[in-house]
2 protein chains.
Amino acid sequence: MGVTRQTKQVKTLLDIFNTENNAISVADLVKKLSGQMNKTTVYRILDRLMEDGIVHSFVGKNGLKWYAKCQGCSCDAHFDVHPHFQCKVCGEVSCLTSSFKIPEVKGYKVDAVNLLLVGTCSDCL
Amino acid sequence: MGVTRQTKQVKTLLDIFNTENNAISVADLVKKLSGQMNKTTVYRILDRLMEDGIVHSFVGKNGLKWYAKCQGCSCDAHFDVHPHFQCKVCGEVSCLTSSFKIPEVKGYKVDAVNLLLVGTCSDCL
DNA sequence: AAATATAATGCAACCAAGTTGCTTAATTAA
DNA sequence: TTAATTAAGCAACTTGGTTGCATTATATTT
């Protein structure tokens, strides 16, 4: 599970994630790479990169799926989940470094958290 | 803005929200009401009910849109936002009563929060 | 109560995100 | 270098959601 071959396409994707600080929506990736790469391929590589713990994914404010490079976030031990911030003006999404403790809820077993802050980023203020 | 006429369809929707405690996905609503009501109508009524502050909406773990009746939650003054819980076994989504203070983030102006807890509900444990 | 203005519904067509099955091509291991 | 196997490409499809426009229902006015 998650033994990713070093294909040209995988390298392209990895390169994007390594040079880009912010999160990227799959839709944007597909658009940006259209012509270079099939959209199915993009989806499948992202799946594999996530299994390998290279990237993590989450859902943006309008239901689109976003990916960002994992940097020190333990994606499996989901207990230092970080929030994400989405600017409603420019649409940029970034990982916030401030970690966040999972709230306890009586009667429920919580094992993942999706915390999305929506607002205006410093550039758009 | 938000002056909703009391049509048969609106009453049907309101009735569903008043008898259902949990949140409902739009997709489910459309399915449940197919034959009774056009899907466009469902989407539009939900929009209006939200403008009126009758229901609030949020995004589930797989990007689907969910709605739930507002009960005492001030949907416009987004500062007593409540979290939502989605059970990954049965799929049910419910509003948690525990309120939640919006975290401060330096440089950003945060005005909405989407906090989704994913796990296993008491029925599925 | 009837007429009018206006808001809401239905319909069909559309768009975009994401998925599936299958064939072909590219890695990696032998 | 060949063989085993993973990954890429393609096309077709599914699903959630939207749009424009014609028709119908609700409120309002007289």
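Order of the sequence lines sets the chain letters (A, B, ...), proteins ahead of strands, with each chain counted from 1.
Atom C1' of nucleotide dC22(C) and atom CG of N38(A) are separated by 13 Å, given to the nearest angstrom. Atom CG of L33(B) is separated from atom C1' of dG10(C) by 14 Å (rounded to the nearest Å). Spacing between atom NZ of K8(A) and atom C1' of dA8(D) amounts to 10 Å, rounded to whole angstrom units. Between I45(B) atom CD1 and dT26(D) atom P there is a gap of 12 Å when expressed in whole angstrom units. Protein atom CG of L46(B) is 14 Å distant from nucleotide atom C1' of dT9(C), rounded to whole Å. We find that CE of M37(A) is positioned 12 Å from P of dC10(D), with the value rounded to whole Å.
Residues Y108(B) and L117(A) fail the side-chain proximity criterion, which asks for heavy atoms closer than 4.5 Å. Within the 4.5 Å cutoff, the side chain of L46(B) has heavy atoms near those of the L13(B) side chain. For the pair V26(B)/L64(B), no side-chain contact is recorded, criterion being any heavy-atom separation below 4.5 Å from C-beta on. No side-chain heavy atom of I24(B) sits under 4.5 Å from any side-chain heavy atom of K32(B).
D15(A) meets the side chain to side chain contact (heavy atoms under 4.5 Å, CB included) test with no other residue; sequence neighbours excluded.
OP1 and OP2 of dA25(D) both lie 4.0 Å or more from every side-chain N or O belonging to T7(B). Under 4.0 angstrom from either OP1 or OP2 of dT9(C) there lies no side-chain N or O belonging to R44(B). Q9(A) has a side-chain polar atom (N or O) that falls below the 4.0 Å cut-off from OP1 or OP2 of dG9(D).
Over its length, the helix from dA1(C)-dT30(D) to dA30(C)-dT1(D) turns its helix axis by 30°, as judged from the five terminal pairs at each end, rounded to 10°.
Heavy atoms of V26(A) sit under 4.0 angstrom from primed sugar atoms or phosphate atoms, though from no base atom.
Around CG of N21(B), the count of heavy atoms belonging to other residues, nucleotides or ligands within 6.0 Å does not exceed 12. Counting heavy atoms of neighbouring residues, nucleotides and ligands inside a 6.0 Å radius, atom CG of D47(B) exceeds 12 of them. Heavy atoms from other residues, nucleotides or ligands lying under 6.0 Å from NZ of K8(A) number 12 at most.
Judged by closest nucleotide on DNA chain D, T41(A) is the one of T41(A) and Q6(B) placed further toward the 5' end.
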All N/O contacts under 3.5 Å from nucleotides 3-6 of chain C to the protein, with atom names and distances to one decimal?
residue : atom : partner : partner atom : Å
dT6(C)  : O2   : R5(B)   : NH1          : 3.4
dT6(C)  : O2   : R5(B)   : NH2          : 3.1

Polar atom pairs (N or O), protein with nucleotides 13-17 of chain C, under 3.5 Å:
none

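Residue I54(B) is grouped with residue M37(B) when hydrophobic side chains (ILVMFWY) are merged at heavy-atom distances under 4.5 angstrom, including chains of intermediate members. In the hydrophobic clustering of this structure, V30(A) groups with I16(A); members are Ile, Leu, Val, Met, Phe, Trp, Tyr whose side-chain heavy atoms approach within less than 4.5 Å, directly or through other members. Tracing side-chain contacts under 4.5 Å through hydrophobic residues (I, L, V, M, F, W, Y), one reaches M50(A) starting from L33(A); they form part of the same cluster.
Applying the salt bridge (Lys or Arg N to Asp or Glu O under 4.0 Å) test to residues at least two apart or on different chains, none of the pairs has a partner in residues 55-65 of chain B.
Near-neighbour residues of DNA chain C inside residues 10-23 of chain A, defined by a heavy atom below 4.0 Å, are absent.
Between H82(B) and H56(B), the ring-plane angle classifies as perpendicular under the 30° and 60° cut-offs. Ring geometry for Y67(A) versus F17(A): interplanar angle over 60°, hence perpendicular rather than tilted (30 to 60°).
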